[in-house]
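Working notes, beginning with the structure itself.
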Amino acid sequence: MSIRVFIPRDASALAMGADAVAGQIKTEAEARGLAIEIIRTGSRGMAWLEPLVEVEGANGTRFGYGPVAPRDVKGLFDAFFLAGGVHALGVGPVEELPWFRAQQRLTFGRCGRIDPFSIHEYRAAGGLRGLDAALAMRPEAIVEAVTQSGLRGRGGAGFPAGIKWKTVLGAAASQKYIVCNADEGDSGTFADRMLMEGDPFTLIEGMTIAGLAVGATKGYVYIRSEYPHAFAAMERAIEVARSAGVLGPCVLGSPHAFDIEARLGAGAYICGEETALLESLEGKRGVVRAKPPLPALQGLFGKPTVVNNVLTFAAVPFILSEGAKAYADYGMGRSRGTLPVQLGGNVKRGGLIELAFGVTLRQIIAEFGGGTRSGRPIRAVQVGGPLGAYLPSHQLDVALDYEALAAIGAMLGHGGIVVFDDSVDMAKQAKFAFEFCAAESCGKCTPCRIGAVRGAEALESAIKGEKRAENLALVADLCTLMRDASLCAHGGLTPNPVESALRHFPEDFGARAALAAE
Amino acid sequence: MSDIAPWNHTVAQAVIDALKDREGAALPILHALQECFGYIDEAAVPLVAEALNLSRAEVHGVLSFYHDFRRTPDPRRRIQLCRAEACQSLGCETLVQHAAVHHGVTPQGRGSVRLETVYCLGLCAQGPAALVDGAPVARLDAGRLSALINGAPVEAVLAGEEA
Ligand SMILES: Cc1cc2nc3c(=O)[nH]c(=O)nc-3n(C[C@H](O)[C@H](O)[C@H](O)COP(=O)(O)O)c2cc1C
Ligand code: SF4
Ligand code: FES
């Protein structure tokens, strides 16, 4: 029997040369007359080990080697890595690694383990059990299970998924839609991408369950164009799901129809905002809509629509197969279940870490991340993407929980954590927040469109030491205006990074230039 | 990229016809046209407008809203460099300077490659990151970026053979 070798094709592995490694392993095995089967998988989420090559041992244990470069391949064969042999790149049984064992992988349990496009492997690894369960339930019972699980939207706002679904279920309409928000524009986030590339059937299953729950027959996955691999993976997985009868006129042989189409965004951060996303799906400019009406009642093409993030849908199969309580047993307070944390930036061991809510930022950065990549002290950590606050190192004992972060003026967002060492210039970061806001503004309202441009100019002047006090006062006023008067959270939350940088790192904002000028 | 065809009315019409019956077909059509020709020719605007029952102004509005759509051909190698926060923490701005100083390449369009700014590629734990004609490259540094600007194959750069 041939030995199974697993090599990721996740973008994070491709970006480190995984294709060449796979080619080299194939060539070398042939040259040595060794029978192997190469299976391309998603990523386990250990970004610093990519490409992480895994070899399956006799009892199914998977031995990891990483990061593997093409030039390492001969040496790996010489060290009998196909039999789990000792080599400098060896990390031992992958699932026994402390980094891995300390996690609770409810959503990402299969990611990196199975062939993402084999529905057979998916089912063998527990997939489709949630959909099986849902097919035997009434819509109200599915919605009730999601509500009882405490699942909150993972896209940023943390709105309870069950309540949204209930609204759509209760709306009478000839057509309803399920829309998956896979725009994942926040810097420092990549969980949606990883799931779509590594375990796309979980998303398909979650969306199909949502369709059954609210009475929708059509779903869209809106994927940003910066993710060409995720888009291709979703298209392929949808095709496979269709030919396996998971999608189509009779979902798993039932009288229920559901189908999905993947759609590509076109490079606009604001299209992650749900109403701009719906406009974009309708073929229009991605301009934010005024709410109400809620998308749940008048969403895509004016029809009742569930809009949820990738991770929200992807949590649903577990809830249906294991029960709402099994999911709600994880977490703290009103943040139930697990959060796929994405650790990035200047960190030694970045990647995807799925944990029950409640772990502290410091634990994640120190224990999982191993400190900064540069080896210098941590100075600031941005949580929750470009609209999230910058935290100084003394605030890192905060728990990852929607309410705990809100209490210190921060937000969890989509779960991205970006680490900066002491070489960071926080005035530049604050100015970038304004510039990003201006560059990606949809243009509909003045506080955001004009305020962000003025804010960047005022900060620039203050940093140079020109009329420092006046300019910083102007920045403060602009922040208040943007927070209070922006139509959506793009303009409304941009003050978060700006004000937190000013509050915690005032020494970076032109104090020196001002002193020198005096 | 070599697989790009010159603008051709008949081909464009066929591309549009194949997609126009989808719900909200504008973005799929524009993406398909751009994939086919490398840009969206002015002559495509009335065709798209006609097929989707929109005004030309509306099609222009959509085209100008999205960063992805190009109005003129550009055959140069495309390097989409991430300049968002996680890559900033790992020095992507130094790379922008490097490209300008050593190669005369700027995100404003100058130079031998098409350097574009993007905000996040989902490779935030391995920055600085870029997509090179669609192929992801992580852990960029000045040497690797120079090699890519000078036309080295992505595989060679990833294998560390660029020097
Ligand atoms: C500027 C802006 C950008 C956003 N980007 C995203 C995004 O990329 N992905 C996402 O799921 N939600 C994003 N959201 C949140 C969505 O508007 C919406 O709350 C979410 O899709 C609802 O799904 P959920 O309840 O499952 O989180 C963004 C919101 C704003 C204001
Ligand atoms: S806050 Fe900005 S992005 Fe949001 S609606 Fe206003 S202009 Fe558009
Ligand atoms: S911030 Fe650069 S890849 Fe995400």
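Throughout, a chain's letter reflects where its sequence line sits, starting with A, and its residues are numbered from 1.
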Review point. Given the side-chain rings of B:Tyr39 and B:Phe69, with only the six-membered ring counted for Trp, is the space between their centroids under 6.0 Å?
Key: no
**Study point:** Check: A:Cys437 main-chain N/O paired with A:Ser441 side-chain donor or acceptor under 3.5 Å
**Key:** no
Check your understanding: Which pairs with one or both residues in residues 38-64 of chain B pass salt bridge (Lys or Arg N to Asp or Glu O under 4.0 Å), sequence neighbours excluded?
Key -> B:Glu42-B:Arg71
Review point. In terms of heavy-atom contacts, does NZ of A:Lys218 have more than 12 from other residues, nucleotides or ligands at under 6.0 Å?
Key: yes
Point to revise | Part of B:Leu121 within contact of chain A (heavy atom distance under 4.5 Å) | key: both
Exercise for review: Step by step, work out the ring pair (Phe, Tyr, Trp, His ring centres under 6.0 Å) result for B:Tyr119 and A:Tyr269.
Suggested key: CA-CA 8 Å; B:Tyr119 295 115; A:Tyr269 176 77; 8.7 Å; no
Check your understanding: So which residues of residues 344-353 of chain A are in contact with chain B at a heavy-atom cut-off of under 4.5 Å?
Key -> A:Gly344, A:Gly345, A:Asn346, A:Gly350, A:Gly351
**Study point:** Contacts of type side-chain hydrogen bond (donor to acceptor under 3.5 Å, both in side chains), residue A:Ser280, not counting sequence neighbours
**Key:** A:Tyr222, B:Tyr66
Exercise for review: Please flag which part of A:Asp186 lies under 4.5 Å from any non-hydrogen atom of chain B: side chain, backbone, both or neither.
Suggested key: backbone
Point to revise | Residues that A:Ala20 engages under side-chain contact (heavy atoms from CB on, under 4.5 Å), provided they are two or more places apart | key: A:Pro70
Review point. Of the backbone (N, CA, C, O) and the side chain (C-beta and beyond), which part of A:Leu281 lies under 4.5 Å from a heavy atom of chain B, both, or neither?
Key: backbone
Revision key, fill the gap. Note: B:Ser112 and B:Ile149 closest approach over all heavy atoms is OG-CG2, 3.8 Å
Exercise for review: Please look at A:Leu343 and chain B and tell me whether the side chain, the backbone, both or neither of the residue comes under 4.5 angstrom of a heavy atom of that chain.
Suggested key: backbone
Review point. Heavy-atom distance under 4.5 Å to chain B: side chain of A:Val21, backbone, both or neither?
Key: neither
Point to revise | Atom group of A:Glu50 that falls short of 4.5 Å from chain B, counting heavy atoms | key: side chain
